[in-house]
2 protein chains.
Amino acid sequence: MIDKYEINRSLAINLLRTREAVMDRFRPMLASAKLTEQQWRVLRGLSEHGATDAGKLASIACILPQSLSRIAKNFEEKQLIKMETDSNDARKIILSLTNNGEVLMKGATVESKKIYAKLIEDFGENNLADLLDKLDLLRNSLGKE
Amino acid sequence: MIDKYEINRSLAINLLRTREAVMDRFRPMLASAKLTEQQWRVLRGLSEHGATDAGKLASIACILPQSLSRIAKNFEEKQLIKMETDSNDARKIILSLTNNGEVLMKGATVESKKIYAKLIEDFGENNLADLLDKLDLLRNSLGKE
DNA sequence: TCTTTTTAATTAACATGTTAAATATCTATT
DNA sequence: AATAGATATTTAACATGTTAATTAAAAAGA
């Protein structure tokens, strides 16, 4: 039964395999920084957005709030982030990088940009723009954002 | 610092978000069958390819052999699959669906095809073909397959 | 103001991802 | 045939995904 419904042709699997192929280029960098993909996205979100409450940060980093809760506790113990209660809303926790966290991200970000630049060079800037457009279109077609 | 390196524009995150949007359409089906995404891919692989050794099946289902090992034990206890040693190579384990497993997959496959057909209708057959082509191209550019 | 509802974050329980190591079997070399 | 090296699977330990429940605080209504 080899048709467009077959597993190797399915959209979800192709998105997964392609993402894995992309991440393979970043894994050495992450391994040398001793960070998981999710931890990297959290620190990157804080680095780009500055102090952010947990809910927004989870959304930015594309992880569940429950996962961020665990990651944040871990990072606070390692003194990579600070956790403070929002003075306007005691339910919210504001996260921000410590100096240690910023130092860690400085180096990793330089490395990450090099890898991404090489990826764009290999894939082609136009191909990348087209692909990102198609992905946006698909998400819109599915009624999400 | 909003440039092409910014997290919300990064390729890996977009592939992740888009995949999540696609899977959102399938999750109700999976929930009603009480299957995780990975369990679904394993059963689907067996349904499409018949009896398969663990290594090949893990590759087909796009999960790690270690994960398949746990899933297979779980499924064997629930009598959804059989596990037999390969008579030609005692290192290999051949997995196959039981009758129970095939019955489960019959219904779920019908449902899955309906959902996928609706997705194609919403996204457009040409857009889907283009996207799959671009994903292939990207994987090839990255030197994978 | 008091109660109810909603929201933000956390915790719990189980499944999977990831890296490393262990086990068993096969293959190649001598 | 005996050994060394390679392959297939499994197990272990820890991090994250997922669903559900819990806690605390804000917002809404009576």
Side-chain angles (χ1 to χ4, degrees), chain A residues 12-13 16-17 19-20 23-24 26-43 45 52-78 80-81 83-95, chain B residues 12-13 16-17 19-21 23-24 26-43 45 51-78 80-81 83-95:
Chain A
I13 286 279
L16 179 56
R17 286 193 209 277
R19 196 186 120 77
E20 290 305 306
M23 287 311 301
D24 279 345
F26 291 90
R27 276 188 234 290
M29 178 272 288
L30 294 175
S32 74
K34 293 193 185 307
L35 293 173
T36 66
E37 288 184 37
Q38 292 83 357
Q39 291 171 345
W40 165 250
R41 295 205 300 269
V42 168
L43 293 181
T52 310
D53 69 82
K56 267 184 199 155
L57 184 58
S59 168
I60 289 168
C62 210
I63 65 175
L64 295 175
Q66 303 93 304
S67 298
L68 178 56
S69 207
R70 290 178 294 208
I71 290 172
K73 194 195 317 188
N74 179 338
F75 279 164
E76 195 185 31
E77 288 166 1
K78 291 176 181 166
L80 292 174
I81 68 168
M83 298 175 72
E84 300 166 301
T85 302
D86 186 335
S87 57
N88 291 346
D89 185 342
R91 294 171 302 180
K92 292 187 181 175
I93 307 292
I94 308 292
L95 308 179
Chain B
I13 286 279
L16 179 58
R17 285 193 210 276
R19 195 186 121 78
E20 289 305 305
M23 286 313 300
D24 279 345
F26 290 90
R27 278 189 232 289
M29 179 273 289
L30 293 175
S32 74
K34 294 193 185 303
L35 293 173
T36 66
E37 289 184 36
Q38 293 82 356
Q39 290 170 346
W40 165 249
R41 295 205 300 270
V42 168
L43 293 181
T52 310
D53 69 81
K56 268 183 199 156
L57 184 57
S59 167
I60 289 168
C62 210
I63 65 175
L64 295 175
Q66 303 93 305
S67 298
L68 178 55
S69 208
R70 290 177 295 209
I71 292 172
K73 194 196 316 188
N74 179 337
F75 279 164
E76 195 185 29
E77 287 165 2
K78 292 177 180 166
L80 293 174
I81 67 167
M83 298 176 72
E84 299 165 304
T85 303
D86 186 336
S87 56
N88 291 345
D89 185 341
R91 293 171 303 181
K92 292 186 179 174
I93 307 292
I94 308 293
L95 308 180

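The chains referred to below are lettered A, B, ... by the order of the sequence lines, with proteins before strands, and numbering in each begins at 1.
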Quick one: [X] [atom1] to [N] [atom2], roughly how many Å, whole number?
X        : N       : atom1 : atom2 : answer
Asp53(A) : dT10(C) : CG    : P     : 11 Å
Ile93(A) : dA24(D) : CD1   : C1'   : 10 Å
Asp86(A) : dA24(D) : CG    : P     : 19 Å
Lys56(A) : dA9(C)  : NZ    : C1'   : 15 Å
Lys34(B) : dA20(D) : NZ    : C1'   : 13 Å

Arg17(A) (side chain) donor-acceptor with Cys62(B) (main chain) under 3.5 angstrom: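 No: the side chain of Arg17(A) does not pair with the backbone of Cys62(B).
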Candidate pair Ile63(B) and Ile71(B), rule side chain to side chain contact (heavy atoms under 4.5 Å, CB included), full reasoning: CA-CA 10 Å; Ile63(B) 65 175; Ile71(B) 292 172; 4.0 Å; yes
Do [X] and [Y] come close enough that some side-chain heavy atom pair is under 4.5 Å?
X        : Y        : value
Gln66(B) : Ser69(B) : no
Leu16(A) : Arg41(B) : yes
Arg19(B) : Arg19(A) : no
Ile93(B) : Thr85(B) : yes
Gln39(A) : Asn74(A) : yes

Among Leu43(A), Leu68(A), Leu95(A), side chain to side chain contact (heavy atoms under 4.5 Å, CB included) partner for Phe75(A): Leu43(A)
Base-contact (B) and sugar-phosphate-only (S) positions in nucleotides 14-19 of chain C, heavy-atom cut-off under 4.0 Å, - elsewhere: -SBBBB
Sugar-phosphate, base or nothing in reach of Met83(A), heavy atoms under 4.0 Å: sugar-phosphate
Difference in axis direction between the ends of the helix from dT1(C)-dA30(D) to dT30(C)-dA1(D), five pairs, 10°: 10°
Atom of Ala51(B), atom of Ile94(B) and distance for their closest heavy-atom approach: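 Of all heavy-atom pairs spanning Ala51(B) and Ile94(B), the closest is CB-CG2, 3.8 Å.
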Residue-phosphate contact under 4.0 Å: Lys73(A) side-chain N/O, dT11(C) OP1/OP2: yes
Any N/O donor-acceptor pair, Arg91(A) side-chain to dT7(C) base, under 3.5 Å: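 Such a pair exists between side chain and base.
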